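All of these numbers come straight from a predicted model, not from anything done at the bench. Numbering of ligands and ligand atoms starts at 1, following listing order.
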Amino acid sequence: MTRHIISIGDFDRRQIDRLLDNAKRIDAQKYDKNALTGKILATLFFEPSTRTRMSFEAAMARFGGTSISVGSVEACSIAKGETLADTIRVVSGYADAIVIRHPKEGAARLAAQFASVPVINAGDGAGQHPSQTLLDLYTIRQSMKLDGINVALIGDLRYGRTAHSLASALSLYHVHLHTVSPKGLELPASLHADLEEKGMEITGYDNIKDLIGNVDVIYMTRIQRERFPDSASYFNVASSYRITPELLKDAKKQAIVLHPLPRVDEIDPRVDLLPHAKYFEQSKNGVPVRMAMLLQVLQ
Ligand code: NCD
């Protein structure tokens, strides 16, 4: 296995399970607080981020390590026309690992080719978001076994990188996928074919109410406005699906609602008060899971 983490496909099932077990031990405070003392993590975020960046930085700090960054893209030499390859070569000289988020699909893979230190993909355009998937799996595992469950993926499955990574990972666990998305925002055909080839059962629906009684996990996603060619095409599909307490009346009692966040209007705030709502716990789980990832690449 490479020391880079670019796609969830870089992991097999055994490696995912082991990482989640490590995260659980860390969550129970069973870790060396100085495990990464003296190590430096560079966070290179060319797109907005709250959770991913802050939880990687918090994870580093919990192990006694340090994080450095350029602040904003406008403030660094990319604004002067420097290539990503050169930036990565330079940053490799300053840090022991690099976490990168970039609007272009494939950017993290490219960065890994030029880096002399491990690279972690924190989201490449509409591509992949492996650290999010690992914390999604961790959160599901807190409520139920991953094997044999029914998972609903709802929203922007075309541009949503969290949906892509999660669907791929779930194909390792005999999960039945149930999808609802606005027209034109279905899972990419190549990913759909790939998942079916791996034996995953995928059923598409027009409405949330048609699947709500059948699923154990309801994974909501934001329509990825920044990936649309213009605002008219975004507003055509905006606000198509919303999970509400009324819809959840028909859900299984133990069903959980997840969302990578930020949410726009796809989860009614009244859902926050229901026991189904696990999305804030999910974001909190970013810290132990990313701590386990940092140990894997830095130790
Ligand atoms: C997601 C992302 O950046 O892909 N955010 C996150 O990392 N939690 C989801 C999103 O922006 O919709």
*Do Arg51 and Glu57 pass the salt bridge (Lys or Arg N to Asp or Glu O under 4.0 Å) test, and can you show the C-alpha distance, the side-chain angles, and the key distance before you say yes or no?*
CA-CA 10 Å; Arg51 281 148 287 272; Glu57 291 176 357; over 6 Å; no
*Where the side chain of Asp27 meets the backbone of Pro288, is there a donor-acceptor pair that is under 3.5 Å apart?*
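Here the side-chain-to-backbone pair does not exist.
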*For the pair Asp86 (side chain) and Thr83 (backbone), establish whether a donor and an acceptor sit closer than 3.5 Å, ignoring hydrogens and angles.*
no
*Which ligand 1 atoms, with their elements, are less than 4.0 angstrom from a heavy-atom of Thr52?*
6 (C), 7 (O)
*Give the atoms of ligand 1, by number and element, whose distance to some non-hydrogen atom of Gln224 is under 4.0 Å.*
10 (C), 12 (O)
Between [X] and ligand 1, does any nitrogen or oxygen pair lie at a separation below 3.5 Å?
X: Arg222; answer: yes
X: Glu226; answer: no
X: Pro260; answer: yes

*So, are Glu246 and Arg270 salt-bridged, with charged N and O less than 4.0 Å apart?*
yes
*Carboxylate-amine/guanidinium proximity below 4.0 Å for Arg242 and Asp268*: yes
*Does NZ or CZ of Lys33 lie under 6.0 Å from the centre of the six-membered ring of Tyr31, at an angle within 45° of the ring axis?*
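Relative to the ring axis of Tyr31, which defines the angle, Lys33 lies inside both limits.
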*Between Arg290 and Phe56, is NZ or CZ placed under 6.0 angstrom from the six-membered ring centre and within 45° of the ring axis?*
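Relative to the ring axis of Phe56, which defines the angle, Arg290 lies inside both limits.
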*Should one rank Val264, Asp136, Leu261 by closest heavy-atom distance to atom 6 (C) of ligand 1, which comes out on top?*
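When every heavy atom of Val264, Asp136, Leu261 is considered, Leu261 comes closest to atom 6 (C) of ligand 1.
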*The one among Arg53, Gln132, Arg51, Arg161 that brings a heavy atom closest to atom 2 (C) of ligand 1*: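 Among Arg53, Gln132, Arg51, Arg161, the closest heavy atom to atom 2 (C) of ligand 1 belongs to Arg161.
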*Which heavy atom of the protein is the closest neighbour of atom 7 (O) of ligand 1, given with residue, atom name and distance?*
His129 NE2, 2.8 Å
*asked:* If we only consider heavy atoms of Arg101, is any one of them less than 4.0 Å away from an atom in ligand 1?
replied: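 It does, in that a heavy atom of Arg101 comes within the 4.0 Å cut-off of ligand 1.
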